[in-house]
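Worksheet for the structure shown next.
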Amino acid sequence: MTDAAALPGQPRGGVLSGPATARAVNVLAPNASPMTLDGTNTWIVSEPDSDLAVVIDPGPLDEGHLANVIGTAEKAGKRVALTLLTHGHPDHAEGAARFAELTRTPVRALDPALRLGDEGLGPGDVIGVGGLELRVVPTPGHTADSLCFHLPADQAVLTGDTVLGRGTTVVAHPDGRLGDYLDSLRRLRSLTVDDGVHTILPGHGPVLEDAQGAVEYYLAHRAHRLAQVETAVENGYRTPSEVVAHVYADVDRALWPAAELSVRAQLEYLEEHGLI
């Protein structure tokens, strides 16, 4: 068995659902798959002494899960006052409209098409509910609309799919762009260096106790993959599918379609920078 402390980001062991920090509780959605890992993490965030809570990423349109999120908040003596989205992929956002109907709350997102209510989300926004403070961090790359939420009081950041609790994420070309993603990782690294963030609350997988280590690993992994793709092209592998079969030969074939999205983003990046 591998020691979790030796893995990138020091993933926390044990059950994923339940309290993760003083202010964040996870309710795991029942949608496990190779792409979603154990399932989508739906986060309930609130001040310990407040009766108001914010829910981040209600997850799939699953009535049982949505009811479980509401029930978990109510058992803690809290009422859901606001719903936030890290991005618009269905495993995070499909249930948002129904959840808003059940809780009678607005939904705030970067993408106007996902919003329910008058307010959206933008870089630098600070969200305050019941004394809770969440700072909006723009992190495009996985998707164009990806956001993270900095929770200063817990020295934590909720990362959606920008950083996962296990493995690495997909740059979902053409919506996602590698240059944007690398900039977003550097932005998250700044949070760990300059703002004291040490915990990552991801959209999938376990909590990471070493935020800086996780982000540094992601940056190194991306640089390594990019070099592999560049070398593959130099050796005559031209199409995205050819590059995937060569570079990702050790990866489960079920993940190759997702890997091809990242390869397309990598090829675009290399072309834009005159490297191929």
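No experiment lies behind these values; they were computed from the predicted model shown.
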Test side-chain contact (heavy atoms from CB on, under 4.5 Å) applied to E47 and V129, step by step: CA-CA 9 Å; E47 282 297 310; V129 173; over 6 Å; no

Do [X] and [Y] share a hydrophobic cluster, counting only Ile, Leu, Val, Met, Phe, Trp and Tyr and linking them when any side-chain heavy atoms are less than 4.5 Å apart?
{"X": "V107", "Y": "F99", "value": "no"}
{"X": "V215", "Y": "L178", "value": "yes"}
{"X": "L114", "Y": "V136", "value": "no"}
{"X": "L121", "Y": "V137", "value": "no"}
{"X": "L116", "Y": "L147", "value": "no"}

Do the side chains of [Y] and [X] get nearer than 4.5 Å, heavy atoms only?
{"X": "H150", "Y": "L158", "result": "no"}
{"X": "Y248", "Y": "V243", "result": "no"}
{"X": "P206", "Y": "L16", "result": "yes"}
{"X": "T139", "Y": "T159", "result": "no"}
{"X": "V126", "Y": "E133", "result": "yes"}
{"X": "V171", "Y": "Y269", "result": "no"}
{"X": "L132", "Y": "V54", "result": "yes"}
{"X": "R189", "Y": "E216", "result": "yes"}

Say whether, by atom type as modelled, one donor and one acceptor occur between the side chain of [X] and the main chain of [Y] under 3.5 angstrom.
{"X": "K78", "Y": "S50", "value": "yes"}
{"X": "D210", "Y": "G213", "value": "yes"}
{"X": "R12", "Y": "A20", "value": "yes"}
{"X": "D154", "Y": "T21", "value": "no"}
{"X": "H65", "Y": "N31", "value": "no"}
{"X": "Y218", "Y": "L164", "value": "yes"}
{"X": "W43", "Y": "P202", "value": "yes"}
{"X": "D252", "Y": "A254", "value": "yes"}

For T162 and S146: C-alpha separation, side-chain torsions, deciding distance, then whether side chain to side chain donor-acceptor pair (under 3.5 Å) applies. CA-CA 7 Å; T162 299; S146 288; 4.5 Å; no

Which atom of [X] lies closest to which atom of [Y], heavy atoms considered:
{"X": "P240", "Y": "L267", "value": "CG-CD1, 4.0 Å"}
{"X": "A232", "Y": "V247", "value": "CB-CG2, 4.0 Å"}
{"X": "A109", "Y": "R115", "value": "O-NE, 2.8 Å"}
{"X": "P58", "Y": "T83", "value": "CG-CG2, 3.5 Å"}
{"X": "L52", "Y": "S46", "value": "O-CB, 3.2 Å"}
{"X": "L219", "Y": "L182", "value": "CD2-O, 4.2 Å"}

Plane angle bin for H89 and H87 - parallel if under 30°, tilted between 30 and 60°, otherwise perpendicular: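 Rings of H87 and H89: perpendicular, as their planes differ by over 60°.
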
Let me see the working for L28 and T40 under side-chain contact (heavy atoms from CB on, under 4.5 Å), right down to the final yes or no. CA-CA 6 Å; L28 183 64; T40 300; over 6 Å; no

Please confirm whether R186 makes a cation-pi placement over Y181, using NZ or CZ under 6.0 Å from the six-membered ring centre and within 45° of the ring normal.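 No; the conditions do not both hold, so R186 does not lie above the ring face of Y181.
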
How long is the span from the [atom1] atom in [X] to the [atom2] atom in [Y], to the nearest 0.5 Å?
{"X": "R23", "Y": "L201", "atom1": "CZ", "atom2": "CG", "result": "12.0 Å"}
{"X": "S184", "Y": "R177", "atom1": "OG", "atom2": "CZ", "result": "12.0 Å"}
{"X": "R98", "Y": "T103", "atom1": "CZ", "atom2": "OG1", "result": "10.0 Å"}
{"X": "T168", "Y": "H221", "atom1": "OG1", "atom2": "NE2", "result": "3.5 Å"}
{"X": "D180", "Y": "H142", "atom1": "CG", "atom2": "NE2", "result": "13.5 Å"}
{"X": "E74", "Y": "R79", "atom1": "CD", "atom2": "CZ", "result": "10.5 Å"}

Step-by-step side chain to side chain donor-acceptor pair (under 3.5 Å) determination, T36 to D91: CA-CA 8 Å; T36 60; D91 56 314; 5.9 Å; no

Verify the neighbour count for atom CG of N235: are there more than 12 heavy atoms of other residues, nucleotides or ligands below 6.0 Å? yes

Heavy atoms of other groups near R238 CZ, more than 12 under 6.0 Å: yes

Could you walk me through whether V157 and L151 pass the side-chain contact (heavy atoms from CB on, under 4.5 Å) test, one step at a time? CA-CA 6 Å; V157 61; L151 179 56; over 6 Å; no

Mind checking whether H92 and H204 have ring centres under 6.0 Å apart? yes

Could you tell me whether the side chains of D57 and T86 share a donor-acceptor contact shorter than 3.5 Å?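 Result is yes, a qualifying pair exists.
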
Could you tell me whether the side chains of H198 and T192 share a donor-acceptor contact shorter than 3.5 Å? no

Is a salt bridge present between R166 and D38, judged by a nitrogen-to-oxygen distance below 4.0 Å? yes

Is R264 salt-bridged to E260, cutoff N-O under 4.0 Å? yes

Among L84, I70, T105, T42, whose side-chain contact (heavy atoms from CB on, under 4.5 Å) with V55 holds? T42

Show your reasoning for whether side-chain contact (heavy atoms from CB on, under 4.5 Å) applies to I56 and F149. CA-CA 9 Å; I56 299 173; F149 298 100; 4.1 Å; yes

